[in-house]
Novice: 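I am attaching a structure below and will ask some questions about it afterwards.
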Amino acid sequence: LAFFGRSSAIQGEAVLKARNLVKVDLANPGILREVFKKEGDPVEAGALLARLENPEVSEQLRDKNLALEILNHDKIRLEQKKAFSTKELERKNVLIENGAATRSELEAIELDLALTTEELSIKGKQTESLQNEISFLKLRQDALQIKAPFHGVIIMDPTLSTGNYMKPGDVLFQIADPTSFYLELPVPERAVERL
């Protein structure tokens, strides 16, 4: 770089830097399966940069979905049992009024209805808990899709790491905003007066 003409030229090596530089690192561990952008590529905000895979998260999500399906079947069965017990209770009340049934038979049906209602309540809470776990696992799975935080240029990419296990905190990409590039040139003290 030359300043003030040839006689007062200051020469040296400048480093290209960016004021807006982001290191895209991982929040969740996984195996780097695909890299969609490479060094030097321009990217738009939200563009998919890479995809990781975490077999443990996928397996947990599959298990939780299966458990939720089983729980829903249990709830349907209990609701049918509750409906039947409610009708049976009404019938027993009529029979008791006519003297055709005993009080102990009525109490047995009331107890069965109360236990079924309690079990339905427990299944409802278990369903809510499982749905929360599934939502959390889906968020973890979505976090394995690495996206660009803003419009910029990729200045470092992990292409050589494809297939490797990546842990939280590992930097996958560095993205710079091209409008924020500047040169940093160290100037010796004796040449400062010429600037």
Side-chain angles (χ1 to χ4, degrees), residues 1-69 125-195:
L1 297 174
F3 296 90
F4 306 112
R6 296 258 183 239
S7 61
S8 60
I10 297 175
Q11 294 183 344
E13 285 188 19
V15 177
L16 181 64
K17 293 191 172 188
R19 284 185 186 85
N20 296 337
L21 175 72
V22 171
K23 293 179 179 180
V24 181
D25 58 356
L26 292 179
N28 293 299
I31 299 166
L32 183 61
R33 288 293 178 209
E34 294 178 273
V35 176
F36 300 109
K37 300 288 183 180
K38 60 183 187 311
E39 190 172 350
D41 285 351
V43 293
E44 297 293 326
L48 186 61
L49 303 176
R51 184 181 64 80
L52 286 94
E53 185 179 279
N54 187 324
E56 182 183 328
V57 171
S58 299
E59 186 178 323
Q60 286 177 351
L61 188 57
R62 187 177 56 248
D63 290 347
K64 297 294 180 189
N65 279 322
L66 183 60
L68 183 61
E69 191 177 328
K125 289 181 179 15
Q126 288 174 340
T127 300
E128 187 179 332
S129 175
L130 266 176
Q131 287 171 336
N132 288 338
E133 288 179 47
I134 288 170
S135 296
F136 174 72
L137 288 170
K138 282 183 179 176
L139 285 175
R140 282 190 65 193
Q141 198 169 46
D142 290 345
L144 296 173
Q145 306 287 322
I146 309 302
K147 296 183 180 177
F150 60 82
H151 171 75
V153 175
I154 294 177
I155 58 173
M156 180 207 110
D157 73 71
T159 306
L160 296 176
S161 299
T162 303
N164 291 347
Y165 178 81
M166 310 294 282
K167 60 186 184 305
D170 285 350
V171 175
L172 287 182
F173 291 92
Q174 284 187 7
I175 302 173
D177 178 0
T179 61
S180 71
F181 283 144
Y182 66 94
L183 289 174
E184 187 176 89
L185 175 69
V187 178
E189 284 183 36
R190 61 183 181 278
V192 169
E193 66 216 24
R194 290 191 281 159
L195 288 178

Novice: Sequence neighbours excluded, which residues qualify as side chain to side chain donor-acceptor pair (under 3.5 Å) partners of K37?
Specialist: none

Novice: Under 3.5 Å, which donor-acceptor pairs do the side chains of residues 56-63 form with other protein atoms, sequence neighbours left out?
Specialist:
| from | atom 1 | to | atom 2 | distance (Å) |
| --- | --- | --- | --- | --- |
| S58 | OG | N54 | O | 3.4 |

Novice: Excluding sequence neighbours, so at least two apart, what forms salt bridge (charged side-chain N to carboxylate O under 4.0 Å, His left out) with E193?
Specialist: none

Novice: If I take atom CD from residue E133 and atom NZ from residue K64, how far apart are they, to the nearest 0.5 angstrom?
Specialist: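 So the CD of E133 and the NZ of K64 are separated by 3.5 Å.
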
Novice: Check salt bridge (charged side-chain N to carboxylate O under 4.0 Å, His left out) between D170 and all other residues, then give those that pass, not counting sequence neighbours.
Specialist: K167

Novice: When you measure from the side chain of S129 to the backbone N and O of K125, does any donor-acceptor pair fall under 3.5 Å?
Specialist: no

Novice: Let me confirm one number: the CG-CD distance from L32 to E34, rounded to the nearest 0.5 Å.
Specialist: 9.0 Å

Novice: Tell me, do N28 and L144 make a side-chain contact under 4.5 Å, heavy atoms counted?
Specialist: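 The answer is yes; the side chains approach within 4.5 Å.
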
Novice: Applying side chain to side chain contact (heavy atoms under 4.5 Å, CB included), run through D41 and F36 and close with a yes or a no.
Specialist: CA-CA 10 Å; D41 285 351; F36 300 109; over 6 Å; no

Novice: When you compare the side chain of M166 with that of S161, does any pair of heavy atoms fall below 4.5 Å?
Specialist: yes

Novice: Assess the residue pair L183 and V15 against the criterion (side chain to side chain contact (heavy atoms under 4.5 Å, CB included)); give the C-alpha distance rounded to whole Å, side-chain angles, the decisive distance to 0.1 Å, and a yes or no.
Specialist: CA-CA 5 Å; L183 289 174; V15 177; over 6 Å; no

Novice: Please, which pairs that meet salt bridge (Lys or Arg N to Asp or Glu O under 4.0 Å) have at least one residue in residues 134-151, sequence neighbours excluded?
Specialist: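 Found none.
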
Novice: Restricting to non-hydrogen atoms, name the atom on G152 and the atom on P178 that form the minimum distance, rounded to 0.1 Å.
Specialist: CA-CD, 3.8 Å

Novice: Below 4.5 Å, heavy atoms only, C-beta onward: do I154 and K38 meet side chain to side chain?
Specialist: no

Novice: Using atom types as modelled, flag every donor-acceptor pair under 3.5 Å from a side chain in residues 19-27 to any protein atom, sequence neighbours excluded.
Specialist:
| from | atom 1 | to | atom 2 | distance (Å) |
| --- | --- | --- | --- | --- |
| N20 | ND2 | D177 | OD2 | 3.3 |

Novice: Which heavy-atom pair separates A148 from V43 by the least distance, and what is that distance?
Specialist: CB-CG2, 3.9 Å

Novice: Do L172 and L52 have side chains that approach each other closer than 4.5 Å (heavy atoms only, starting at C-beta)?
Specialist: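 Sidechains of L52 and L172: in contact.
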
Novice: Using every non-hydrogen atom in the two residues, find where I175 and F150 come nearest and quote the distance to one decimal.
Specialist: O-CZ, 3.7 Å

Novice: Could you report the tightest heavy-atom contact between E13 and L185, atom names first, then the distance?
Specialist: O-CD1, 3.6 Å

